[in-house]
Amino acid sequence: MSSVPTSASDAASLPGPVRVAHGCDDRPASRAVVEAVADLAGVAPDGLADEADIVLYDHVDLDALDALVEHRADGGVSLSFSVAEYDVRVDDDEAVARVTE
């Protein structure tokens, strides 16, 4: 069974993107990614691996992500990657996750 929508009405039923801010409240970009993906997966952030079988380190080095975002003095950070069935974008101040269409 495919999770890819087969019609326009199926595409309309996909959940919208989840946006989680980072940086302003000492939340690192990696934590924002965890929270956004967990929200879409319908689990608590600390249950992402056990309950949703999603291990983010299998998809992206979260320490490197934090370092990249934190050390860009001029801003202008925009990274995109896939995690399981989710597309994730991280920029200067938020992580956005959405179900892959």
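- Under a 3.5 Å cut-off, the side chain of D91 and the backbone N or O of S78 do not form any donor-acceptor pair.
- When every heavy atom of P17 is checked against every heavy atom of V96, the shortest pair comes out as CB-CG1, 3.8 Å.
- Exactly one residue among V88, T100, D58 makes a side chain to side chain contact (heavy atoms under 4.5 Å, CB included) with V83. That residue is V88.
- A32 and A21 get closest at one heavy-atom pair: CB-O, 4.0 Å.
- Qualifying side chain to side chain donor-acceptor pair (under 3.5 Å) partners for R98, counting only residues two or more places apart in sequence or in other chains: none.
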Which atom pairs, donor and acceptor, lie under 3.5 Å between side-chain atoms of residues 33-55 and protein residues at least two apart or in another chain?
residue	atom	partner	partner atom	Å
E35	OE1	R27	NE	3.3
E35	OE2	R31	NE	3.0

*Would you please test H22 and V90 for side-chain contact (heavy atoms from CB on, under 4.5 Å) and show each step?*
CA-CA 10 Å; H22 64 79; V90 179; 4.0 Å; yes

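- In this structure a side-chain-to-backbone donor-acceptor pair under 3.5 Å is present from D92 to V77.
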Name each donor-acceptor pair under 3.5 Å that joins a side chain in residues 61-69 to protein atoms two or more places apart or in another chain, with its distance.
residue	atom	partner	partner atom	Å
D61	OD1	D63	N	3.0
D61	OD1	A64	N	3.0
D63	OD1	Y57	OH	3.4
D63	OD2	Y57	OH	3.3
D66	OD1	A29	N	3.3
D66	OD1	S30	N	2.7
D66	OD1	S30	OG	3.2
D66	OD2	S30	OG	2.7

